[in-house]
2 protein chains.
Amino acid sequence: MRNEIMPVRHGTMRARNLAVVLGEISRRQPVSRARLADVTGFTKTTVSSLVAALKAAGLVREDGPVRDGERGRPATAVSVNGDRVAGLGLEVNVDYLAACVLDLGRRIRHRHIVAADNRGRAPERVIGALTDLAERAIAAAGDQGLTVAGAVVALPGTLDRAGGRVRTAPNLGWHDVAAGDLLAAGLPRLALPADQDNEANLAALGELWFGDGPGLGSYVHVSGEIGVGAGLVVDGRVFRGAHGFAGELGHVVVDPAGPPCACGGRGCLEQVAGQEAILRAAGIPDTVGTSTAGPDGPLAALVALLRDGDEPALAAVRRAGEALGQALSAAVNLVDPDTIVLGGIFSALAPWASPAVEEALGAGTGVVRHAALRLTVSRLGGDAAALGAAALVVERIMNDPALLMEAPARPHGR
Amino acid sequence: MRNEIMPVRHGTMRARNLAVVLGEISRRQPVSRARLADVTGFTKTTVSSLVAALKAAGLVREDGPVRDGERGRPATAVSVNGDRVAGLGLEVNVDYLAACVLDLGRRIRHRHIVAADNRGRAPERVIGALTDLAERAIAAAGDQGLTVAGAVVALPGTLDRAGGRVRTAPNLGWHDVAAGDLLAAGLPRLALPADQDNEANLAALGELWFGDGPGLGSYVHVSGEIGVGAGLVVDGRVFRGAHGFAGELGHVVVDPAGPPCACGGRGCLEQVAGQEAILRAAGIPDTVGTSTAGPDGPLAALVALLRDGDEPALAAVRRAGEALGQALSAAVNLVDPDTIVLGGIFSALAPWASPAVEEALGAGTGVVRHAALRLTVSRLGGDAAALGAAALVVERIMNDPALLMEAPARPHGR
DNA sequence: TCATTTCGTACATGCTCTGGACTAATTAAA
DNA sequence: TTTAATTAGTCCAGAGCATGTACGAAATGA
């Protein structure tokens, strides 16, 4: 019904085809124009013209002659130019801020996390500190000859992405904050408009790019920090649902008779498998202020107890894993992924939680389905969402390089 | 990662723009070329050319002069031509077969349901009966001057859509059946290749087109028959997940301690809210053979008991509603729809089940979210999936009318 | 040294959208 | 009744982009 098929004009066609060629270059890295013509179906002429435009924009580089086949003139390989354009990823979380710079070649050029207790702090202050971080990142990029083309901010809450506002970020204590405007005020104007997205979605994207590798196509990425969220990736695309609130794993009911949750529901997963719940059940005081992720945080204390075989801690984590597995089985039945990736605090707890997760997952998914399902653990650090945010900028450029090219590429607007 | 951006050539551009114009015509029905130019952004020249092509293909019709504004030359209105091309929808279900013909103007031209106990019957026999039904439908369409351009079959099971095979349809007793080939053998070659899809997905599509109206954008459509399935529609598109098995609501766990299910899991929704479970709990023998949907079926008996205030029946339906609401709350948290539509047997049971569904739904979704959520009941009959199947054919044509147009529209393949 | 093979570019061609001029049909005003 | 204004739709040149053939460039092998 709501089909949104947009008109295609010459400019759109060109823009699209630039993206096709750039994408294929990125996928096959040093690759000749002839081979590009082969795989895209374009004529050699068209490929040459598209590559020339990409080269002029600094997005692509000629690597010099390479012998591809056995006879014949050697090809001049082209590859993505990672030394000119980069994306900036930013992240606001409850107990830290993060920034990272990712170049078009997918190399991380800068990465910085600072601990900060943002719980209840005024949004202006938080965004102020974040823009400081962003400025330093942009400067660092500049030192390496990189131009930062755009930025995305990861925020832990429900967003109105179109309006650039945060509706609610309960763990930050934010309500209806114009984060976009605040950020725009502090950042230099970039070529691409700054954007924001949910922390869980971006962490999932980070996993796709830097985690278990490009083999992952469709998966549920659990990103438990203070809350429990999930990013749903289907065929390499983040699935956001109708309003962008999909993947709220933390509020899936795992025990209808359970305790009431702040969300208004009852027996939500977060009540059992959220960080606070786990710590409480394990008998550890949850002191925010010392960074959760840091070596002195309560999470480290929990892991230490687990290592020592402390029974209450083990039971708490087991119970959390069980509930998580149950909620995930619903996600599997409804969203049909290949893989489940445990991220956030669960990647640290995985050695003790995984068996319970696995078992509950098995009980909640059919035999056939369960056999095809993989359960993996994220190897990414706490700033997975910042990485994903930067990846989103790069992805956006790769999907529409014309955004960064001179006017001729899109002559008639749109 | 897996981005699938396809090259765009002139033919693709044209094909796309034909779809844009056709879609806008369909949306605004009698509409002038001038207005089309306005809303699409094309020049008047381009619109004229596109409309001419659509008219030549018989997809669009000129309605005669209409005074649109107040001054100036009156416009000649164009609208979708519903009298030339139609789509055929077919449905195989446990206790009936259905066919329907839908013209491009979205009018149902033919609709036929026959009761049949397909449980355990040989697939060849079932498909044979279905092709008979299809032939009669095609003949009926021909009598009305319509050409059937394509067909889609709704099947109650997990499908390998690309390969045209049914993997498993437990309630039919089918395993790895080449339904596509069987059907192709019996049907005349249509302009578009015949396709198949899951019954739940198509029922959801049927609801989108013929149910509570175009207002619905994103919703979960529960289609309980023998099993319990759900079709997920996000922004007017069916969401199929990675392998096409999304929306398996029937196997979401509602009670981890519950009875084992045939799927290998434990405490699945289907064990509580499936038709058999409800009937058993209500003390009614589940005799398949008499059509479930018919006036003498066990479902009618259940409704009669409910009308009489029979307590075991009321309790069974209440319990089913509760479990359904709980499973649906997971779907809401994960997929983020606007609306829940109760279809299948639940539309008949809604008067007694809805309060329990509503309550469980409220307990499992945050306050904010729950306030925005609507719970409605399908007004469609048993053949919702057949309607949806026909709608899918029509949608496919509307999305790419060039498929039905002479070669000139796509000169270079693809 | 020359045929063969493969890579990349040049130039003419064709398809499709754009834009301004023009014709057509109607209402409002003179 | 005539004339100006307004809106609809078509005609025709023009521009953007991909296609296709021809051709020069750079390697291998005989």
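Proteins come first, then strands; the chains are lettered A, B, ... in the order of their sequence lines, and each starts at number 1. No experiment lies behind these values; they were computed from the predicted model shown.
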Could you check which of D:dT19, D:dA8, D:dT6 has an atom nearest any side-chain atom of A:F42?
D:dT19
Reckon B:T76 touches a base, only the sugar-phosphate, or nothing at all at heavy-atom distances under 4.0 Å?
sugar-phosphate
Other residues, nucleotides, ligands: >12 heavy atoms within 6.0 Å of A:R84 CZ
no
Between B:E62 (side chain only) and B:T76 (backbone N and O only), is there a donor and an acceptor less than 3.5 Å apart?
no
By nearest atom, which of the nucleotides C:dC7, D:dG9, D:dT19 is closest to the B:K44 side chain?
D:dG9
Determine: side-chain N/O of B:N17 to OP1/OP2 of C:dC17, distance under 4.0 Å, yes or no.
yes
Nearest-nucleotide check on DNA chain D, A:S49 vs A:G72; residue mapping nearer the 5' end is A:S49
Atom CZ of B:R73 to atom C1' of C:dC22: distance rounded to whole Å?
12 Å
Among C:dA24, D:dG20, D:dT10, which nucleotide sits nearest the side chain of A:T43?
D:dG20
Given 3.5 Å as the limit, does a donor-acceptor pair link the side chain of A:Q144 with the main chain of A:R109, or not?
yes
Let me know the distance between CE of B:M6 and C1' of D:dA18, rounded to the nearest Å.
15 Å
Residue among A:V47, A:V31, A:V21 satisfying side-chain contact (heavy atoms from CB on, under 4.5 Å) with A:V78:
A:V31
So, the side chain of A:Y219 versus the backbone of A:L208: is there a donor-acceptor pair under 3.5 Å, distance only?
yes
Can you check the B:R33 CZ to C:dC17 P distance for me, whole Å?
15 Å
NZ/NE/NH1/NH2 to OD/OE distance under 4.0 Å, A:R165 and A:D181
no
Whole angstrom is fine here: how far is it from CE in A:M13 over to C1' in C:dT18?
13 Å
So how far off straight is the helix from C:dT1-D:dA30 to C:dA30-D:dT1, going by the axes through five pairs at either end, to 10°?
20°
N/O donor-acceptor pair, side chain B:T45 with base C:dG19, under 3.5 angstrom:
yes
If you assign each of B:S48 and A:L50 to its closest nucleotide in DNA chain D, which residue comes earlier from the 5' end?
B:S48
If you only use heavy atoms from C-beta on, which nucleotide in D:dA18, C:dA24, C:dA10 is closest to the side chain of B:H10?
D:dA18
Is the backbone of B:V8 close enough, under 3.5 Å, to the side chain of A:N17 for a donor and an acceptor to pair up by distance?
yes
Just to confirm, is there a sub-4.0 Å distance from OP1 or OP2 of D:dA18 to any side-chain nitrogen or oxygen of A:R14?
yes
Considering only heavy side-chain atoms of B:R9, the closest of D:dT19, C:dA28, C:dT18 is D:dT19
